[in-house]
Amino acid sequence: MQERELIILLSKGNEVALSNFMDLYSSRLYYYAYGIICNKEMAEEVVSDVFYEVWKRRKEMPSIENILSWLLMVTHNKSLSYVQKEKNKRNSISFDDLKSFAFPIVESSLSRIISCEEITSINNAINKLPPRCRDVFFMAKIEHMKYADIADFFGISLPTVNYHIAFAVSSLRKMLKTPL
């Protein structure tokens, strides 16, 4: 079933469509939330909240042009809200105290070639990128989002997205001392 068909069925209150919609997007949203929060349980809760928001706003869903961008925006906002809520609850969490961002390890034939040390080096290099640059790089290179969608998501210009990607690649190349 195509995404648009799912959204139309979802907007009519079809719970099976919601389940299929969740299957389609849950892992992407989880990895994105985890990249912000760095806590498995919190990321799962954020994704659950996102899909609750989808269900609440199901009648509006067909009018959303880019569903993935909208879902990532909701996930981003809920992740930051969740971190803020936890900070207020414990008074000890701050954005500076969060663990370093780490890209999820995805099994592929190429990943079997790359050693654990190399993956750690890559993640450490990515963690050293400025936060906005790191987020843009993640969306472009891991989520394979279009640059125009990334620009809309962050409210920045397309040249700024290009700058962030070029800066990230250049910085990673220097930090890893290998051609990318």
Side-chain touch [X]/[Y], heavy atoms, less than 4.5 angstrom:
X: Val83; Y: Leu80; answer: no
X: Ile156; Y: Arg132; answer: yes
X: Val136; Y: Tyr147; answer: no
X: Leu29; Y: Phe51; answer: yes

Problem set entry | Chi angles and distances behind the side chain to side chain contact (heavy atoms under 4.5 Å, CB included) call for Leu68, Lys146 | CA-CA 11 Å; Leu68 180 58; Lys146 295 177 184 172; over 6 Å; no

Could you pull out the closest heavy-atom pair between [X] and [Y], with the gap in Å?
X: Ala17; Y: Leu10; result: CB-N, 3.7 Å
X: Ala33; Y: Val46; result: CB-CG1, 4.0 Å
X: Ile7; Y: Pro62; result: CG2-N, 3.6 Å
X: Ala125; Y: Leu176; result: CB-CD2, 4.0 Å
X: Val47; Y: Ser26; result: CG1-O, 4.2 Å

How long is the straight-line distance from [atom2] of [Y] back to [atom1] of [X], given to the nearest 0.5 Å?
X: Ile36; Y: Met42; atom1: CD1; atom2: CE; result: 12.0 Å
X: His164; Y: Ser171; atom1: NE2; atom2: OG; result: 11.5 Å
X: Arg134; Y: Met139; atom1: CZ; atom2: CE; result: 12.5 Å
X: Phe154; Y: Thr160; atom1: CZ; atom2: OG1; result: 12.0 Å
X: Ser121; Y: Lys177; atom1: OG; atom2: NZ; result: 11.0 Å
X: Phe138; Y: Cys133; atom1: CZ; atom2: SG; result: 14.0 Å

Could you state whether [X] and [Y] fall into the same hydrophobic cluster, counting links through intermediate Ile, Leu, Val, Met, Phe, Trp or Tyr residues with side-chain heavy atoms under 4.5 angstrom apart?
X: Leu71; Y: Ile8; answer: no
X: Met22; Y: Ile64; answer: yes
X: Phe167; Y: Met145; answer: no
X: Val169; Y: Ile126; answer: yes

For this session: For Ile67 and Arg4, run side chain to side chain contact (heavy atoms under 4.5 Å, CB included): C-alpha distance rounded to whole Å, both residues' side-chain angles, the deciding distance at 0.1 Å, then the answer.
Result: CA-CA 9 Å; Ile67 293 295; Arg4 277 289 149 196; 4.2 Å; yes

Exercise. For Glu44 and Tyr30, does a side-chain donor sit closer than 3.5 Å to a side-chain acceptor?
Worked result: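 Tyr30 and Glu44 do not have a side-chain donor-acceptor pair below 3.5 Å.
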
Exercise. Step by step, would you call Phe153 with Leu72 a side chain to side chain contact (heavy atoms under 4.5 Å, CB included)?
Worked result: CA-CA 8 Å; Phe153 179 78; Leu72 289 172; 3.9 Å; yes

For this session: Please say which of Val16, Val54, Leu9, Asn14 ends up in a side chain to side chain contact (heavy atoms under 4.5 Å, CB included) with Phe21.
Result: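 Of all the options given, the one that passes is Val54.
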
Problem set entry | Pairs satisfying side chain to side chain donor-acceptor pair (under 3.5 Å), at least one member in residues 65-78, at least two apart |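 Of all non-adjacent pairs touching residues 65-78, those that pass side chain to side chain donor-acceptor pair (under 3.5 Å) are Tyr32-His76, Asn66-Ser69, Asn66-Asp149.
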
Exercise. Counting distance only, does the side-chain N/O of Arg58 pair as donor-acceptor with the main-chain N or O of Trp55 below 3.5 Å?
Worked result: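 A pair under 3.5 Å: yes.
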
For this session: Please identify each residue that fulfils salt bridge (Lys or Arg N to Asp or Glu O under 4.0 Å) with Arg57, with sequence neighbours left out.
Result: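 Result, salt bridge (Lys or Arg N to Asp or Glu O under 4.0 Å) vs Arg57: Glu53, Glu60.
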
